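Structure first, then comments.
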Protein chains: 2
Amino acid sequence: MNNKNEVSIDAFFNPHVPGIDYGVLDSLVGYGVRRAQLALNDLFIQSLAPWNITPPRFSALIVISRNPSLKLTQLAKVLGIARSGAVMLVDALEDLGYVERLDVPEDRRAFGLALTAKGQADLVAITQAVVQQDQLAARPLGAAGSEQLLAMLQQLANPNR
Amino acid sequence: MNNKNEVSIDAFFNPHVPGIDYGVLDSLVGYGVRRAQLALNDLFIQSLAPWNITPPRFSALIVISRNPSLKLTQLAKVLGIARSGAVMLVDALEDLGYVERLDVPEDRRAFGLALTAKGQADLVAITQAVVQQDQLAARPLGAAGSEQLLAMLQQLANPNR
DNA sequence: TATTGTTATACTCTATAACTATA
DNA sequence: TATAGTTATAGAGTATAACAATA
C-alpha cells in the first residue's frame, strides 16, 4: 500500500458514504454500472494523464490503428457520437501529433485517418498502461470472473441483438 | 417486437459496428462497463424524459428522500461531485418543484433538503419507471445473474474497501 | 480558522443545424 | 439529391477558486 505507483483513493468517488441510505439505488443494475464506470474512469484518467489521453481519445486511437484508412463518419458511428464530435476528437489527436488525415484518391470529399509514427509508438505504451490498470482494477474478480463480467455487460449493452 | 412501449434501438449507441476491429477494447473490463453504461443511459433518459429527470437528478431525489434534512455538502459527497455542482442540481430540482431548502435551526449557514409534496408524489411514479426499465434491461441475465453482476460491479467500484 | 452555501469561470463531451465541396 | 467533412452554437455536467455569512 501507498506505493508510489498507486494513487490515493480518497481523492476519488466513494460509492458508499457511511450512514447514508441509498434506497432503491443499491438494487438497480443501471446504478451499479454507473458507479463502477465513475470509479474506473477516475483510475483511467489518472493512469493516462501523462499522455493527455482521455477515454474517448483512447478508443479513437485504437479503432484508427486497427482499421486502416477509416473515415471520419465511420469513426463517429463506431464511437456513438455525432460527426461534429468526431471532428473535434480528431483535431485534438492531430494537435497531439498522434493522428493525421490522409487524402483518399477515390473520394476527394473524404480522407483516411491514420496514426503518425509518434502515434504508433506512444499507443504501445499507452495501451500497456491501460491494460495494466484494467487488470489491477479487475483483480478482485479473477480472470474467470472478468470474462464472465464482460459477457454479462455485453448482454446488457446488446438488448436485442 | 416493435411494440409501442419499446423504443427503436437504431437511434442508440451500437456497441459493435460490423466490420470494425475493436482490438484490445473488447478485452477491457473498463470499456465493457463504459459501453454498457452508455447503452443503459440512453434507455434511462428515454424512459424518464416525461419528468425532465436525468440520472444525477434521480440519484439526488432518492438520496434526499431517504435521508431527511440532508445538507448540500453531504449530497455533493454522496454523489461524488463538487459542492458547486450540487448547488446547480438542487436549483434545477427546485425549479421543477421537487425539492425545497428548509432552514436548520442549529446551523444558520446550512439548510436541510426535503422533497415537496409534488416531489414525493412524482418520485413514486418515477421510481416505478426506473425499476421497470432496469428490470427490462437486465432481463437477459435473469434474477440470479443480475445479483451476481451487482456484486461484481461493487467489487470493481470498491477496490480497497 | 474552518465550514456552508454561493458565484464566476472554464473545460470536456455531447448535440443540432446549416454550410461547402464533392459525389 | 445525397454524402463527407466542417463550423457555429448550445446545453449538460463537471472542476477550481474566491467570496460572504456563520460556526
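Reminder, nothing fancy here: chain letters follow the sequence lines and each chain counts from 1. Fair warning: this is a prediction, and the values are worked out from it, not measured in the lab.
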Rounded distance (Å) that lies between atom C1' of dT3(D) and atom CZ of Phe111(A): 13 Å

Interatomic distance, Ile81(B) CD1 vs dA12(D) P [rounded to whole Å]: 15 Å

Ala110(B) side-chain proximity, nearest of dC13(C), dG5(C), dT14(C): dG5(C)

Separation of dG13(D) P from Ile53(B) CD1 (nearest whole Å): 10 Å

Interatomic distance, Leu89(A) CG vs dT14(C) C1' [rounded to whole Å]: 12 Å

Side-chain heavy-atom pair Leu28(B), Val33(B) within 4.5 angstrom cut-off: no

Nearest-nucleotide 5' precedence on DNA chain D, Asp91(A) against Gly85(B): Asp91(A)

Nucleotide of dG5(C), dT14(D), dC13(C) approaching Met88(B) most closely (side-chain heavy atoms): dT14(D)

Listed nucleotide nearest any side-chain atom of Val87(A), set dT14(D), dG5(C), dG5(D): dG5(D)

Heavy-atom donor-acceptor pair, Thr116(B) side chain to Gly97(B) backbone, under 3.5 Å: yes

Audit row: Tyr31(A), Asp26(A), side-chain hydrogen bond (donor to acceptor under 3.5 Å, both in side chains) steps and yes/no: CA-CA 7 Å; Tyr31(A) 193 71; Asp26(A) 278 334; over 6 Å; no

Thr73(A) side chain near dT3(D) phosphate (N/O to OP1/OP2, under 4.0 Å): no

Residue mapping more 5' on DNA chain C - nearest nucleotide basis, Thr54(A) or Pro105(A): Thr54(A)

Nucleotide nearest Arg109(A) (side chain, heavy atoms from C-beta), chosen from dA4(D), dT14(C), dT14(D): dA4(D)

Listed nucleotide nearest any side-chain atom of Ala82(B), set dT16(D), dT14(C), dG5(C): dT16(D)

Spacing between Leu75(A) atom CG and dG5(D) atom C1', to the nearest angstrom: 13 Å

Close side-chain approach of Leu40(A) to Arg34(B), heavy-atom, < 4.5 Å: no

Per Asp107(A) side chain, nearest of listed nucleotides dG13(D), dG5(C), dA4(D): dA4(D)

Donor-acceptor pair under 3.5 Å, Ser84(A) side chain vs dT14(C) base: no

Under 3.5 Å donor-acceptor, Asp21(A) side chain and Asn67(B) backbone: no

Interatomic distance, Gln74(A) CD vs dA4(D) C1' [rounded to whole Å]: 11 Å

Any Arg101(A) side-chain nitrogen or oxygen under 4.0 Å from OP1 or OP2 of dT6(D): yes

Closest listed nucleotide, where the reference is the side chain of Arg108(A) and the choices are dA4(D), dC13(C), dT22(C): dT22(C)

Integer-rounded Å distance: dA23(C) C1' and Glu106(A) CD: 13 Å

Length of the CG-P vector between Asn41(A) and dA15(D), whole Å: 11 Å

